[in-house]
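Chain letters run A, B, ... following the sequence lines, proteins first and then strands; every chain starts at 1. Just so you know, these numbers use all the heavy atoms, side chains as well, and skip hydrogens, waters and symmetry mates.
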Number of protein chains: 2
Amino acid sequence: MNKRWQKLIRSLHNKKFRKKENLFLVEGAKNILELIKSDLEIEGLFYTEEFQEEQHTVLEQLSCEQEVASDDVLKKVGTFQSNNSGIAVVKTPENAPLNLDNQVVIALDDVRDPGNLGTIIRIADWYGVKQVLCSLNCADWYNPKVINASMGSFTRVKPYYIDLKEYLVGLSDEVMVYGTFMNGINVQQAKVTKPAILIFGNESNGISTEVADLVHVKLTIPRRGMAESLNVSIAAAVVCDNVFRSLT
Amino acid sequence: MNKRWQKLIRSLHNKKFRKKENLFLVEGAKNILELIKSDLEIEGLFYTEEFQEEQHTVLEQLSCEQEVASDDVLKKVGTFQSNNSGIAVVKTPENAPLNLDNQVVIALDDVRDPGNLGTIIRIADWYGVKQVLCSLNCADWYNPKVINASMGSFTRVKPYYIDLKEYLVGLSDEVMVYGTFMNGINVQQAKVTKPAILIFGNESNGISTEVADLVHVKLTIPRRGMAESLNVSIAAAVVCDNVFRSLT
């Protein structure tokens, strides 16, 4: 791997350079294999000999720049503590507006932790949610920790970063807006109708007041024990499980 | 904070010393306040002046050794990147056998990630599950990352570390054993009966073959999208939500 690539990859750990270059990193076997199957555009792909041997039929069909690199170099330039598979440099897709037609969409209000965002992308993909609205103060979708936690689901679920309050104010009346709160109706009994937006809030503060005012139906996950709250990604999974059950 | 405490606290980052001293660490305001309300025995408690001012009525009632410490010292000896509340040194409770009588218990087969274990403790607490069986190769319940991710729920949920296969082999016939697999029955339609054990498996490999052979009912979370799997803590939450719905 030449110095130019090394420097570029290292710079992409950082949001500022991801924005500037319009590129992001994909690391690890599972994520890279999902990436290759997707329509995302790969600029450069670097992998170990071991990965090349295992995946040579897949790799031969790829037209992007590609090269073997040692575990050591991958470790040095990437974000993993060890990397025996590879690193890809990928073009960031457009921030494309949502298609709400007959859809259920997840919206995140100030979800800051990259692990939570990545896990929510994976949950969205499990339940067939294709789009996630992110408020402008959410973690960056293209943060390597997000991509990694998504376990390949970043290839199938698309983000749309926008001022969430403004977006909700401008919505057509037929879109139902749901949010998770401590004092809503039991999500197990809620009847959700499409098109729908399911909002989840910040790790410490939940959904912000200005966004809460725009929620039509407050949902609550029934509690039987004593824990004060659930992690936001856990709440997202339980709500999705209930919502998609009530839709089918 | 004297040198002896500093040395002790630092040694408790490490499982070997936690075992040897029979002590573990609790850090952060939320966890410490839950700890104080619990029946766990505190050996020493160190907190910032700010925490002392906020919590003086609570702290005055405590009979353990306690002392003000600076943020800097707390940061130096603890595991947090910053700590403006405190650190407690706590006696590890006994590894007490389960009471299965009319209970639903969670069992973990080789769950390695401390964040997942802590999140599962919080989920157990939310759904009123009081005990978690851990196979001997699970992450250590008293790892600071586990305690932290549990958000205080470690005070209400108790672990029991044991050879999981042997334990299941020795169970009475009336205990139903459930596990989450890719090819089981839809958890939304499953009728769970008490006493029950709900098993969740390793992050990469799921439930091990030897434990899988002892499961009576295989459960599956219905998938509508394309993600290959769900994170184990996410799966635990969705299964608990469904199981406790079917029980009530």
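- For residues 115-127 of chain B, the interface with chain A (any heavy-atom pair closer than 4.5 Å) comprises B:Thr119, B:Arg122, B:Ile123, B:Asp125, B:Trp126, B:Tyr127, sorted by residue number.
- By the 6.0 Å contact criterion, CE on B:Met226 is open, its count of non-hydrogen atoms from other residues, nucleotides or ligands being 12 or less.
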| task | Show the numbers, then the answer: is there a side-chain contact (heavy atoms from CB on, under 4.5 Å) between B:Arg245 and A:Arg245? | result | CA-CA 13 Å; B:Arg245 174 207 288 249; A:Arg245 174 207 288 248; 3.4 Å; yes
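- Contacts of B:Lys130 with chain A are absent, with no heavy-atom separation under 4.5 Å from either backbone or side chain.
- Residue A:Lys30 places its NZ atom among more than 12 non-hydrogen atoms of other residues, nucleotides or ligands, all under 6.0 Å distant.
- Ranking B:Ala235, B:Ser233, B:Ala237, B:Ser229 against chain A, the residue ahead of the rest is B:Ser229, based on heavy-atom pairs under 4.5 Å.
- Contact count against chain B (heavy-atom pairs under 4.5 Å) is highest for A:Leu230 among A:Val129, A:Val187, A:Leu230, A:Ile234.
- Within residues 138-160 of chain B, the residues approaching chain A closer than 4.5 Å by heavy atoms are, in numerical order, B:Ser153, B:Arg156.
- With a 4.5 Å cut-off on side-chain heavy atoms, B:Asp241 and A:Gln188 count as touching.
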